[in-house]
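Structure, as structure tokens:
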Amino acid sequence: MEKYDHAKVESKWQKIWEENDCFKASEDTSKPKFYGLVEFPYPSGAGMHVGHIKAYSGLEVVCRKRRMEGYNVLFPIGFDAYGLPTENTAIKTGVHPRKVTDTNIEKFTNQLKKVGFSFDWSRVVDTTDEGYYKWTQWIFLKMFEHGLVFRDKTLVNYCPSCKVVLSNEDSQGGKCDICHTDIVQKTKEVWYLRITEYADKLLQGLNEVNYLPNIRLQQENWIGKSTGAFVNFKIKQCDEMLRIYTTRPDTLYGVTFMVIAPEHPIIDKYKDIIGNMEALLDYREQCAKKSEFERTQLVKDKTGVKIDGLTAVNPINGKEIPVYISDYVMMGYGTGAIMAVPAHDTRDYDFAKKFGIDIIEVIKGGDISKEAYTGDGEMVNSEMLNGITNKKDAIEKILTVLEEKGCGEKGVQYKMKDWAFNRQRYWGEPIPIVHCPKCGMVAVPYEELPLKLPPVDDFRPGTDGESPLAKIDSFVNCTCPKCGGAAKRETDTMPQWAGSSWYFLRYCDPKNDKAFASQEALKYWMPVDWYNGGMEHVTRHLIYSRFWHKFLYDIGEVPCSEPYAKRTAQGLILGPDGVKMSKSRGNVIDPNDVVDQYGADVLRVYVLFMGDYEQAAPWNENSMNGCKRFLDRVWQLQDKLVDGDEYRPQLVSAMHKTIKKVTADIESMAFNTAIAAMMTLINTIYDIGSINRAEYKTFITLLNPFAPHITEEIYEKCGFGGMLHEQKWCEYDEALCVDDTVEIAVQVNGKIKSRITIAADADQSEVISLAKQDEKTAAAIEGKSIVKEIYVKGKLVNIVVK
RNA sequence: GCUGCUGUGGCGGAACAGGCAGACGCAAGGGACUUAAAAUCCCUCGGUGGAAACAUCGUGUGGGUUCGAUUCCCAUCAGCAGCACCA
């Protein structure tokens, strides 16, 4: 047998697959469908990363298996092409982002094809394509129409030197990433999507889907639901209620002060009553100047100012308490005000200690002279609650009283914040809104979509944090669609998350220009049956896209409430040095080099064999050699081929066992053990010295999803007829997976003394008597009394003696 | 700080609804083939003692439950990831 030439064979089959549209999802909706989705790549200039290969290889194997099992499989790919790196390249090189993107997409396409992925190339989507972002804008306008879009002022990171708004990532350590000037916080009006409206739906929806437990947990944490109570504290000096949120209404008798956020509106409202307005405003300004960095560094050291002239009244006992402002209370969560219970909250405790405020114990169990006690215990100093030991009972009782008095009620809060939905950048979807001096914010009419990104020469951000689009008068100046008067266009663009929030819907019907996808296509293909991707996208991308999908479901545009029936995540590939691959470390492996040197099949087998698919594992070139050797041995079997269309007796059980193992392991993403099982089988075959046609056919069928090129070539050379990927997946007979005899361990007092071979169906007494006849076992129990005899079927015997 | 995950040979990793620890692969050592090398094939390969049979210890560490624990429970240490004053 001639040596295997991977370059020749792989390009040969890639061409055949492409020319014959082998992996095109068919329109035949009578067949059962399977929709396998992988996260589409961002086409960066660096080209593909081995991480992409691992991410795609998992579902690639599943999808190839599904086709062989008779499913109509949709396994699409596309490009999430809007984003900053492309824009930065454009700024640096002067090449238009459109051109940069096209070049990169072409590069990625070639690389993906060289690995032999069975994507449906007729359905490629590109989020920057007009035919695509038309619908991104369309969905945005639908949300606008349904009141899910709003504008609000917020503090942003602003570099006074570059005159540009920066993301948190670009302003780490409180300095501008580009010029290292100190960042200031600036108030700016930005766009928001009201995702918080869907907080509960997003949480409840997790009950309908099958996500890995840790993925589900991260989503739950991100949404961050908490149940508690709203309580109204009267302000003594005026007719005003200060409303707070707490998860511990049971500690109401321990409240000794209140804290409100520095930006709380009550301050400005009662500036005439407040005696130290100047100090308060001064503190507020200091807080605004603090960077994200400072705010998180000074957790222990609490700061704040007491408000002179405002006193709150505890609704439960009428006690008067002082009110402070402090930046440890944030305007963005709850009501921006808290009741402080220093005895039982560490932050309140730190604050009270610093400002010399009373600390009243209301729950026994800790030592409040040393630290706050946050555990459970008997209620004290709490009048009606005294003596209650169960937190739940105490909360229930106090809530009843508060509700009767009309000064509080049960409440729910979420950590999740509304989604800041704009960027002052060029390379993104223009937000299709017009600002009219008369009509306010007006939507661009649907029939005018797409609102095209205008061509420009200068992609640099405008001054004062404006988008580059603001510099183009012909784009900015327009007429109001409502009143026809002069108006100005919104110049911000959407964030990169926008395009990826619905791409899985477009794949169902990617060329449609009447709708983002037809209802028939959506009904047939949705939901995605299995979505695999990285852990880093489990919170934002997954939540955002579920939100968009749920919105579309609510307005009747998609047939199912959840987009993804199942979600898994692959682990990172680390560099050979065991740390995350990065250009700066110089430990990046280029998949191209691997394909050239070893072939795509070896690369595919290796990334799946290197370890637990969900766990991170370092790259190891030597280990890849083992995979190459394995495939070479599979190839060389052609020299050992003998006739026969049934498994031979000495291989029957091994064949059926391997089919069973590989079939099950692919479903549980245990690709490494599936490959190990095939390696074991091939070792057995080499021991026997020959393989017959039936056995070989089964073997290459099992291996085909992992190494499609070499197996397709072997299949053809053996003349089995047709193409391998069109054949049926292998079946196994459970009865034939079992051996007639098994070797079991014999233990005495839990220590292995011997091994015996028994009939697989032997019963307990038979096995134990056999075990006792064994020489070594007999010696070990000689002269001792038997206390207990245990037989675990097919595994072991344990004789307990005294 | 909180939440979650992970600790098994020289290395990547198997096994876990409690039941033979180290599958499979890599590396290493020895041998065969070769003028030689590569490739390939065969043997050894957790530690300690022993020529060997075998004994003994061994799944981060310390306890516990059990006839039996890598697997379950308690404590503890280390590494990784996410969140970060969330009231």
Side-chain angles (χ1 to χ4, degrees), chain A residues 3 213-215 217-218 220-222 224-226 228-229 244-249 251 258-259 261 292 295-302 326-330 332-341 344-348 350-351 413-417 535-536 538-539 571-572 574 578-580 605-606 609-612 614-627 629-630 632-633 636 670 672-683 686 743-755 776 786-802:
Chain A
K3 239 184 121 203
N214 55 333
I215 295 177
L217 198 82
Q218 277 206 32
E220 285 171 349
N221 288 344
W222 185 267
K225 182 176 180 170
S226 94
I244 61 100
Y245 175 74
T246 179
T247 52
R248 298 297 304 271
T251 61
M258 302 193 75
V259 186
E292 198 75 27
R295 268 187 108 126
T296 53
Q297 286 304 301
L298 303 167
V299 172
K300 268 274 154 199
D301 192 21
K302 297 281 182 289
S326 173
D327 64 352
Y328 85 87
V329 173
M330 262 131 315
Y333 184 79
T335 60
I338 62 156
M339 62 178 216
V341 185
H344 306 289
D345 181 285
T346 41
R347 293 151 303 172
D348 298 346
D350 293 341
F351 193 87
Q413 281 294 307
Y414 299 93
K415 279 188 204 175
M416 191 165 73
K417 296 195 173 78
M535 271 318 276
E536 68 275 20
V538 157
T539 46
L572 284 178
L574 306 172
V579 293
K580 200 172 161 175
V605 170
Y606 174 63
F609 181 66
M610 62 195 299
D612 183 338
E614 287 162 33
Q615 227 57 56
W619 187 265
N620 182 335
E621 178 120 14
N622 282 327
S623 278
M624 201 158 50
N625 263 317
C627 296
R629 252 175 239 160
F630 165 59
D632 281 343
R633 276 158 72 84
Q636 291 300 330
N672 53 340
T673 50
I675 293 165
M678 289 187 276
M679 286 172 166
T680 306
L681 180 58
I682 212 167
N683 289 344
Y686 267 83
E743 194 191 57
I744 63 161
V746 181
Q747 299 181 330
V748 175
N749 284 350
K751 298 218 167 194
I752 291 170
K753 291 293 166 190
S754 170
R755 280 168 234 275
K776 289 175 202 154
I786 294 172
V787 181
K788 207 172 178 181
E789 295 167 334
I790 294 148
Y791 173 51
V792 182
K793 197 169 188 303
K795 298 254 164 99
L796 57 64
V797 167
N798 188 12
I799 299 171
V800 186
V801 295
K802 238 198 226 155

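Every chain is numbered from 1, with letters handed out A, B, ... down the list of sequences.
At least one side-chain heavy atom of A:Met339 sits under 4.5 Å from a side-chain heavy atom of A:Thr251. Residues A:Ile675 and A:Val605 are in side-chain contact: their nearest non-hydrogen atoms beyond the backbone lie under 4.5 Å apart. Here the side chains of A:Ile744 and A:Val797 are in contact, with some heavy-atom distance below 4.5 Å. No side-chain heavy atom of A:Gln218 sits less than 4.5 Å from a side-chain heavy atom of A:Asn221.
Phosphate proximity of B:C57 to A:Lys751: present, with a side-chain N or O under 4.0 Å from OP1 or OP2. Distances shorter than 4.0 Å separate some side-chain N or O of A:Arg629 from OP1 or OP2 on B:A27. The phosphate of B:A87 has neither OP1 nor OP2 within less than 4.0 Å of any side-chain N or O from A:Tyr245. Distances shorter than 4.0 Å separate none of the side-chain N or O atoms of A:Arg248 from OP1 or OP2 on B:A87.
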Where protein sits on nucleotides 1-14 of chain B, one letter per nucleotide: B base, S sugar-phosphate only, - none, heavy atoms under 4.0 Å: --SSS------BSS

As a quick check of understanding, evaluate ring pair (Phe, Tyr, Trp, His ring centres under 6.0 Å) for A:Tyr414 and A:Trp222, giving each step before the final call. CA-CA 9 Å; A:Tyr414 299 93; A:Trp222 185 267; over 10 Å; no

Under the side chain to side chain contact (heavy atoms under 4.5 Å, CB included) criterion, do A:Tyr791 and A:Leu796 qualify, and how do the steps go? CA-CA 6 Å; A:Tyr791 173 51; A:Leu796 57 64; over 6 Å; no

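Comparing the P positions of B:A75 and B:C80 gives an interatomic distance of 24 Å, to the nearest angstrom. Nucleotides B:A53 and B:G49 are separated by 14 Å at their C1' atoms, to the nearest Å. Remark: the separation of the P atoms in B:A39 and B:A52 is 31 Å, to the nearest Å. Nucleotides B:U59 and B:A69, compared at atom C1', are 11 Å apart to the nearest Å. Rounded to the nearest Å, the gap between the P atom of B:C24 and that of B:C43 is 12 Å. The P atoms of B:G19 and B:U56 are separated by 23 Å, rounded to the nearest whole Å. For the P atoms, the distance from B:A14 to B:A23 is 13 Å, rounded to whole Å. Rounded to a whole angstrom, the distance from the C1' atom of B:G46 to that of B:A21 is 10 Å.
Residue contacts shown for A:Glu743 include a base, since a base heavy atom lies under 4.0 Å away. When heavy atoms are screened at a 4.0 angstrom cut-off, A:Ile752 is found touching the sugar-phosphate backbone but no base atom. Using a 4.0 Å heavy-atom criterion, one finds that A:Gln747 contacts the bases of the nucleic acid, with or without backbone contacts as well. Using a 4.0 Å heavy-atom criterion, one finds that A:Asn683 contacts the sugar-phosphate atoms exclusively.
A:Asp345 places no side-chain N or O within donor-acceptor distance of the main-chain N or O of A:Ala340, the cut-off being under 3.5 Å. Of the possible polar contacts, one joining the A:Tyr245 side chain to the A:Gly228 backbone as a donor-acceptor pair under 3.5 Å is found. The backbone N or O of A:Ile790 lies less than 3.5 Å from no partner atom in the side chain of A:Asn798, so there is not a single donor-acceptor pair. Using a distance-only test at 3.5 Å, with no hydrogens or angles considered, a donor-acceptor pair links the side chain of A:Tyr686 to the main chain of A:Arg633. Although no hydrogens or angles enter the test, the distance criterion places no donor-acceptor pair under 3.5 Å between the side chain of A:Gln615 and the main chain of A:Gly571.
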Taking Watson-Crick and G-U wobble contacts under 3.5 angstrom, with | marking pairs to another strand and [ ] crossing pairs, the secondary structure of RNA chain B is written (((((((..(((......[....))).(((((.......))))).((((....))))..(((((..]....))))))))))))....

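If you check the side chains of A:Asp348 and A:Tyr328, you find a donor sitting under 3.5 Å from an acceptor.
Spacing between atom CG of A:Asn798 and atom P of B:U66 amounts to 15 Å, rounded to whole angstrom units. In this structure, A:Gln413 atom CD and B:C85 atom C1' are separated by 16 Å, rounded to whole Å. Protein atom CD1 of A:Ile338 is 11 Å distant from nucleotide atom P of B:A87, rounded to whole Å. A straight line from NZ of A:Lys788 to P of B:C67 spans 5 Å, rounded to a whole angstrom. Taking atom NZ on A:Lys753 and atom P on B:G68, their separation rounds to 15 Å, with Å as the unit. The nearest whole Å value for the distance from the CE atom in A:Met678 to the C1' atom in B:A23 is 15 Å. Atom CG in A:Asn622 sits about 7 Å away from atom P in B:A28, given to the nearest Å. Distance A:Lys3 NZ to B:U40 C1': 11 Å, rounded to the nearest Å.
The A:Arg347 side chain lies nearest to B:C86 when the options are B:C41, B:C20, B:C86. Side-chain proximity of A:Gln218 to B:G82, B:A87, B:C85: nearest is B:G82. Nearest to the side-chain atoms of A:Arg633 among the listed nucleotides B:C41, B:A27, B:G19 stands B:C41. Comparing atom distances between the A:Lys415 side chain and each of B:C86, B:A27, B:C24 picks out B:C86 as nearest.
For B:C85, the base has a donor-acceptor partner in the side chain of A:Lys302 [N/O atoms by modelled type, under 3.5 angstrom].
Along RNA chain B, the nucleotide nearest A:Gly750 and the nucleotide nearest A:Asp632 are compared for position; the residue whose nucleotide lies closer to the 5' end is A:Asp632.
With a glycosidic angle no more than 90° from 0, B:G9 adopts the syn conformation.
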